Amino acid sequence: MTGPTLTPAAASLDRELPLWYQVAQHLRTTIFGRGPGDPDRLPTEDELAAHYGVSVVTVRRALKALDEEGIIERRRRHGTFVTDRARSPRPPLTVLGTVDTVVAQQVSLEVEVVTREEVAVPPELAAHFPGADRLVHFRRLRSEHGEPISCADNWILPEHAAPITDEDLRAVPMTQALRERAGVRIERIENDVEARLATPELAGLLGVALLSPILLCACVVHDENGRVVDTARIHYRGDRFKYSVIIRADH
């Protein structure tokens, strides 16, 4: 291998967290912390494995995650390089979670299925469902002790919606219904969280004043082949929901 490479700082990995994830996040920090004259080339897989004290398989999975994020590119027989995207404003921080964790946190004792209808693909979702012209739109209202706490809208393909009943959705979250009723093997879920103000429609559904703070969680669910199987927009009452992240410190 020729030419200078970007050298990551020393790292102490926590054996209780996935090693590939920690390597990916440490490399991500290294990439975004580069100075103007620092190299664009990363060390080889073997060199990174030795640096972090992990297997080459672990390094490959970490690099795959960064490649999918678009901040590195892997050139066959030439090496791994930082992309132009890593020179632009930083993309959102990615926080690791599991599908089972997401499912567990969606469970609610009181769920009303407000809407179930086949609709034309909304223009804003067309890029997620190439080739599709119809989706099934579900709207569910979740409550606790009779008080609404969230309104969830899901758009899924008709073939996945067919085996899912309203009774299913009153008992389990959509993610779990897709897995257990429709037989979808879910690979990953992408979540974006942002603050919004309650529209007249949402204010009425959630029982809050117009323009009250609402937390929007926008989700895109992918199957094992990378295909989008569900897009969700979940609006939470700002006074009944808290978004928490636990971060472990290196010692």
Side-chain angles (χ1 to χ4, degrees), residues 68 94-194 196 198-199 201-208 214-237 240-241 243:
E68 290 175 347
T94 300
V95 180
L96 178 68
T98 66
V99 171
D100 288 329
T101 299
V102 173
V103 169
Q105 293 183 354
Q106 292 181 40
V107 173
S108 173
L109 296 179
E110 304 168 37
V111 178
E112 178 187 358
V113 181
V114 179
T115 301
R116 179 193 182 118
E117 61 179 348
E118 189 169 305
V119 298
V121 177
E124 65 272 19
L125 301 182
H128 291 308
F129 298 98
D133 57 2
R134 307 289 289 179
L135 296 174
V136 177
H137 171 221
F138 293 89
R139 170 169 286 177
R140 289 160 298 141
L141 194 62
R142 296 191 184 101
S143 302
E144 186 175 36
H145 305 304
E147 185 178 39
I149 58 174
S150 71
C151 177
D153 290 281
N154 295 78
W155 290 266
I156 68 176
L157 294 167
E159 59 264 35
H160 293 146
I164 299 174
T165 67
D166 288 359
E167 184 177 350
D168 290 332
L169 294 179
R170 284 191 287 269
V172 300
M174 178 64 80
T175 307
Q176 187 173 344
L178 283 168
R179 295 168 74 182
E180 297 179 357
R181 303 295 188 266
V184 176
R185 295 178 63 87
I186 294 174
E187 174 65 23
R188 74 180 191 277
I189 301 174
E190 300 169 355
N191 283 320
D192 289 321
V193 181
E194 61 180 279
R196 292 287 183 89
T199 62
E201 182 181 27
L202 283 172
L205 287 167
L206 295 176
V208 297
I214 298 291
L215 198 63
L216 167 63
C217 181
C219 309
V220 181
V221 182
H222 300 257
D223 68 11
E224 59 185 342
N225 298 313
R227 183 189 188 195
V228 174
V229 295
D230 176 26
T231 58
R233 301 289 183 270
I234 307 174
H235 292 88
Y236 295 90
R237 282 178 50 156
R240 295 298 307 274
F241 184 82
Y243 185 79

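Atoms considered below: every heavy atom in the structure, side chains included; atoms not considered: hydrogens, waters and symmetry mates. Here the structure is a predicted model, which means the values were calculated and not measured.
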*Would you check, one step at a time, whether the test side-chain contact (heavy atoms from CB on, under 4.5 Å) holds for I149 with E110?*
CA-CA 10 Å; I149 58 174; E110 304 168 37; over 6 Å; no
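Contact between L135 and P122 at its shortest, heavy atoms only, is CD1-CD, 4.1 Å. Of all heavy-atom pairs spanning L141 and S150, the tightest one is CD1-O, 3.4 Å. Minimum heavy-atom separation, I189 to C219: CG2-CB, 4.3 Å. Contact detail for L169 and A177: the closest heavy-atom pair is CD2-CB, 4.1 Å. The two residues P163 and D168 make their nearest non-hydrogen contact at O-OD2, 3.7 Å. Annotation for P148 and S143: closest pair CA-OG, 3.6 Å, computed over non-hydrogen atoms.
The distance from atom CG of N154 to atom OG1 of T231, rounded to the nearest 0.5 Å, is 7.5 Å. Here CZ of R170 is found 9.0 Å from CD of E112. Values are rounded to the nearest 0.5 Å. One distance of note links CZ of R142 with CD1 of I234; it measures 5.0 Å at 0.5 Å rounding. If you take CZ on F138 and OG1 on T115, they are separated by 10.5 Å, rounding to the nearest 0.5 Å. Here the straight-line distance linking atom CD1 of I186 with atom CG of L178 works out to 5.5 Å at 0.5 Å rounding. Separating the CG atom in L205 from the NE2 atom in H235 is a distance of 10.5 Å, to the nearest 0.5 Å.
No side-chain heavy atom of I164 sits less than 4.5 Å from a side-chain heavy atom of V136. Annotation: side chain of R181 is not in contact with side chain of T165 (no heavy-atom distance under 4.5 Å).
Salt-bridge check for E187 with R185: failed, with every basic side-chain N at 4.0 Å or more from each acidic carboxylate O. Of the charged side-chain nitrogens involved, at least one lies within less than 4.0 Å of a carboxylate oxygen, so that R139 and E201 count as a salt-bridged pair.
Of the possible polar contacts, one joining the R116 side chain to the A161 backbone as a donor-acceptor pair under 3.5 Å is found. With R237 contributing its side chain and L206 its backbone, the two residues share a donor-acceptor pair below 3.5 Å.
For residues 119-138, every residue pair satisfying the salt bridge (Lys or Arg N to Asp or Glu O under 4.0 Å) rule, not counting sequence neighbours, is listed here: E118-R134. Applying the ring pair (Phe, Tyr, Trp, His ring centres under 6.0 Å) definition to pairs two or more places apart or across chains, those involving residues 151-192 are H137-W155.
D223 meets the side chain to side chain contact (heavy atoms under 4.5 Å, CB included) test with V184, N225, R227, V229; sequence neighbours excluded.
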